[in-house]
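Structure first, then comments.
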Amino acid sequence: MVDIKKELNDKQYLAAAKLKGPLLIIAGAGSGKTRMITYRIAHMLDNGIHQSNILALTFTNKAAREMEERVKSLTSKKLTNLTVSTFHAFGVQILKESITNIGYSENFSIYDQTDKMSAIKESARELNISPDVLDIYEVANLFSSIKTKRDIWNDNNISFQPLYNEYQEYLVNHNAVDFDDLIVLPVKLFVENPDILKGYQLKYQYIMVDEFQDTSLTQYNLISQLAMKNRNICVVGDDDQSIYSWRGANYQNIIKFETDFPELNEIKLEQNYRSTENILAAANSLISNNTNRKEKELWTGIGQGKSIEIFYPENESNEADFISEMIKSFHQSEKLKYHDFGVLIRTNNLSAIIENSFLAENIPYKVSGGQSFFQRKEIKDIIAYLRILNNPDDDINFLRILNMPRRGLGKATLLKIREIALEKECSLHAAATELRWNGDSPLSDKIQSSLQEFIDMIQDYREMLEDEDINKTKMIRDLIETINYWGYLVIEHQKNEKLAKWKYKNIGIFIELFEKWEKNPDNKDKDLGTYLNRITLLTRDDDEDGDNGQVNLMTIHASKGLEFEYVFLAGVENNIIPHARSIEENPDNIEEERRLFYVAITRAKQKLFMTSCKTRKIRFEIVDTGPSPFLEEIPKELISFHTPVANVKDEEALDYFEQMKSKFN
DNA sequence: GGGTTGCTTATTTTT
DNA sequence: TAAGCAACCC
Ligand SMILES: Nc1ncnc2c1ncn2[C@@H]1O[C@H](COP(=O)(O)OP(=O)(O)OP(=O)(O)O)[C@@H](O)[C@H]1O
């Protein structure tokens, strides 16, 4: 039994012990919301609630994994039927079980952002719309908003409606879903099939949602449908930490929740267990500049702590070196482990230079967030093959592999295949198969036999995939050999053999990861499609485990819910935070940028450092930058400002204080 | 008709 | 800096 009374404060205990009925917890950063949920689950299990009746939804895969691990270790149970997952992963699970009820088949493909844009381009082609008149990125965003009901057709966008319909049809025809569908389709499934909904309501009798402020309207619809019957739903969040509005997150859901579940209990958590007074005061002062907040108290018993420090490096490489130096010296002097440090950045492109500096200084680090390992081109190439084996109707991936590696099947061949596909209303793969059998083929002998070889190869591997006795890891290895991907890489990167080798090494890592999954005894569903769908949802670092002595480098978005003893916030400059693009899009976004800053500050337990460069290289130019205006919103007495540090590398001989002195003289 | 060279352009955050 | 695309060349 877990003694939750001992491990939680009174308020937390109240929330964790109340297992029935709707529960709303809105509380500030570090007030132990996630901890409460974790113990609440353990408490449920101790009280005889069956693990399979519990559903806990978190925001990131990493958060899900951590919560699950924590519950397992608290209860010392194996818990293979406990569902702790992200909304999207949960959606995939439902679709996997029930998608045939809404006109798709089980081997559906998930299209990520890139695939989605390709699919839009393809749809445009079918409607004879030239893709260059479209801003595909914009269009993709519009379609996402339409699909999730964040936007409706109006005079400005109605011209895209035919394309939208075509795109939708394209997805259905090719048995593919996009990220939005992962939430929208389950909702549709439930609306159209009350019996199926009933089944899920019976299964998931106890629901918990962490980071509720960052759920979207459709996500809310999904869980409210599930919870409607049993009404055992506990949501936890902080409106001040809502930082995903650009993806449809809407903290108005809190108000919706209050109306939909009027009998709810609201519990406030007001003690912060994470940060020092100084850090908390800075965060509170900053965020008070936002309007429309839910008022919250937040205090800490941890003590005043040390002051926040701001440094002004000359440029971004000095900034990176400075951070490295600081981390190194604290690592030695303060008995801190490397994993006690978090280095937070607003945009991914700031990471490269900091990584380089860590490498040069031999500081172990890991990067999370940003492009996933599985989004890398070389990995996506291999995945495309596997997708086709799993779902041959998947045209987007068929297009990707048709002439990769080059096998002479280029524009002209594709045109022929397209003609047949159009005529027979079938997928490209089916059309190509047709063409292959065609006696009086319009293709040259050489092309014809190349096509034949290609189609036969797919067929062979599809048979191997079906065969339960065949080890799939070996099959993938074989496949990569057969297509001679290494040869392809060598040709593609003739002038850069190192790059080719590196990419091939990544392929090796991919195979190892797959093997680990295939061999995992806890893994009940060894379907390749399941694996592929799972990995499309992962972000960088999601698949690694533990924080074994590595500095954590990540975007602020990715740091949500985490904490570090020492936090370095880099690039605290105007136009970075708040980001120029964000403000450009809509000046009101300043509030979300401020929340972002708030999230960043509140990750720190003991100490917060910020750096603001005087100049920064943006693309090719060096531009003068100014400090972030948010710094003005933090009381001066909480901060030690350090006069701009000179170039550390050039003036290593100069003691730091000497530099300061010389500045004053 | 396919491959290759040379030019352009990067979108802020991510499931 | 590198990938992605279009015009060109073989
Ligand atoms: N009652 C408690 N006693 C001791 N430590 C606690 C207690 N509650 C929370 N903590 C600790 O405080 C820290 C913050 O908790 P937690 O991450 O659960 O907060 P949170 O409200 O989810 O934060 P955020 O809003 O940033 O996601 C953790 O290290 C946690 O272990």
Side-chain angles (χ1 to χ4, degrees), chain A residues 57-64 85-92 110-114 116-118 121 131-132 135-138 140-141 144 148 177-183 211 214-216 218-219 242-249 344-350 352 368-372 374-378 403 405-416 442-444 446-447 450 491-496 499 503 533-540 542 554-560 571 575-585 589 592-593 595-596 599-600 617-620:
Chain A
L57 294 168
T58 61
F59 196 73
T60 59
N61 294 292
K62 193 173 180 176
S85 91
T86 62
F87 272 96
H88 288 83
F90 181 58
V92 173
I110 298 176
Y111 283 175
D112 67 13
Q113 196 72 17
T114 325
K116 176 182 179 175
M117 297 209 283
S118 307
K121 274 189 213 160
D132 8 300
D135 182 339
I136 300 290
Y137 184 83
E138 284 278 304
N141 277 341
S144 177
T148 58
V177 302
D178 63 20
F179 277 151
D180 297 316
D181 285 326
L182 297 179
I183 314 296
E211 309 283 8
D214 276 320
T215 52
S216 67
T218 36
Q219 289 171 335
S242 174
I243 53 176
Y244 281 89
S245 72
W246 47 275
R247 224 177 65 187
L344 307 184
I345 48 187
R346 169 71 236 263
T347 62
N348 285 306
N349 62 13
L350 302 183
S368 28
Q371 194 195 37
S372 149
F374 302 100
Q375 314 254 51
R376 295 201 170 139
K377 188 177 171 304
E378 62 276 20
N403 202 26
R406 301 203 192 289
R407 47 171 77 86
L409 307 178
K411 275 181 278 185
T413 317
L414 180 58
L415 202 69
K416 291 281 182 312
L443 304 170
S444 74
K446 200 169 134 229
I447 303 294
S450 175
I491 293 169
E492 285 295 289
H493 305 288
Q494 282 164 7
K495 289 173 217 102
N496 196 344
L499 185 62
K503 288 192 167 184
N533 285 344
R534 197 176 73 91
I535 60 178
T536 22
L537 296 182
L538 296 180
T539 54
R540 190 160 171 189
D542 271 345
M554 67 186 81
T555 63
I556 302 171
H557 282 91
S559 75
K560 192 158 75 140
N575 294 333
I576 292 188
I577 183 162
H579 200 278
R581 273 213 137 82
S582 163
I583 301 303
E584 203 177 287
E585 186 187 276
N589 285 344
E592 178 144 323
E593 295 288 314
R595 290 195 289 270
L596 210 42
V599 169
K617 195 142 125 208
I618 295 173
R619 280 213 259 283
F620 262 112

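Per chain, numbering begins at 1; letters A, B, ... match sequence-line order.
The nearest whole Å value for the distance from the NZ atom in A:K416 to the C1' atom in B:dG1 is 10 Å. Distance A:E378 CD to C:dA2 P: 13 Å, rounded to the nearest Å. B:dT13 atom C1' lies 11 Å from atom CD of A:E585, rounded to whole Å. A:N575 places its CG atom 15 Å from the P atom of B:dT13, with the value rounded to the nearest Å. Going from atom CG of A:L596 over to atom C1' of B:dT14 covers 13 Å, rounded to whole Å. Regarding A:I136, its CD1 atom lies at a distance of 16 Å from the C1' atom of B:dA10, rounded to whole Å. Atoms CD1 (A:I618) and P (C:dT1) sit 17 Å apart, rounded to a whole Å. Look at CD1 on A:I491: it is 10 Å from P on B:dG3, rounded to the nearest Å.
Salt bridge status for A:K116 with A:D180: present, with a side-chain N to carboxylate O gap under 4.0 Å.
Along DNA chain B, the nucleotide closest to A:A412 and the one closest to A:W246 are compared, and the more 5′ of them pairs with A:A412. Toward the 5′ end of DNA chain B lies the nearest nucleotide of A:R406, the other residue of the pair A:R406 and A:R247 mapping further downstream.
Put simply, the residue from A:E593, A:R346, A:E592 that forms a side-chain contact (heavy atoms from CB on, under 4.5 Å) with A:P578 is A:E593.
Heavy atoms of A:Y244 sit under 4.0 angstrom from primed sugar atoms or phosphate atoms, though from no base atom. Note on A:T536: nothing from the nucleic acid sits closer than 4.0 angstrom, heavy atoms only. A:N348 comes within 4.0 angstrom of sugar-phosphate atoms only, judged by non-hydrogen atoms across all strands, and of no base. Among the protein residues, A:D180 comes within range of no part of the nucleic acid, since none of its heavy atoms lies under 4.0 Å from any strand.
Nucleotides C:dG4 and B:dT11 are separated by 15 Å at their C1' atoms, to the nearest Å.
Phosphate proximity of C:dC5 to A:K121: present, with a side-chain N or O under 4.0 Å from OP1 or OP2. Side-chain nitrogen and oxygen atoms of A:N141 include none within less than 4.0 Å of the OP1 or OP2 phosphate oxygen of B:dT11. Remark: A:T555 is in phosphate contact with B:dT14, judged by side-chain N or O atoms under 4.0 Å from OP1 or OP2. Of the side-chain N and O atoms in A:T413, one or more sit less than 4.0 angstrom from OP1 or OP2 of B:dG2.
Annotation: cation-pi pair A:K560/A:F59 present, NZ/CZ under 6.0 Å from the ring centroid and within 45° of its normal.
A search for side chain to side chain contact (heavy atoms under 4.5 Å, CB included) contacts involving A:R376 returns A:Q371, A:F373, A:E378, A:I379, A:W502, A:N506, not counting sequence neighbours. For A:K377, the salt bridge (charged side-chain N to carboxylate O under 4.0 Å, His left out) criterion is met by A:D381, not counting sequence neighbours.
For A:R346 against B:dT13, a side-chain-to-base donor-acceptor contact under 3.5 Å is present.
You'll find that the side chain of A:D135 is closest to B:dT11, out of B:dT11, C:dA3, B:dT14. Nearest to the side chain of A:T347, among C:dA3, B:dT13, B:dG3, sits B:dT13.
In terms of heavy atoms, A:L596 sits closest to A:I556 at O-CG2, 3.3 Å.
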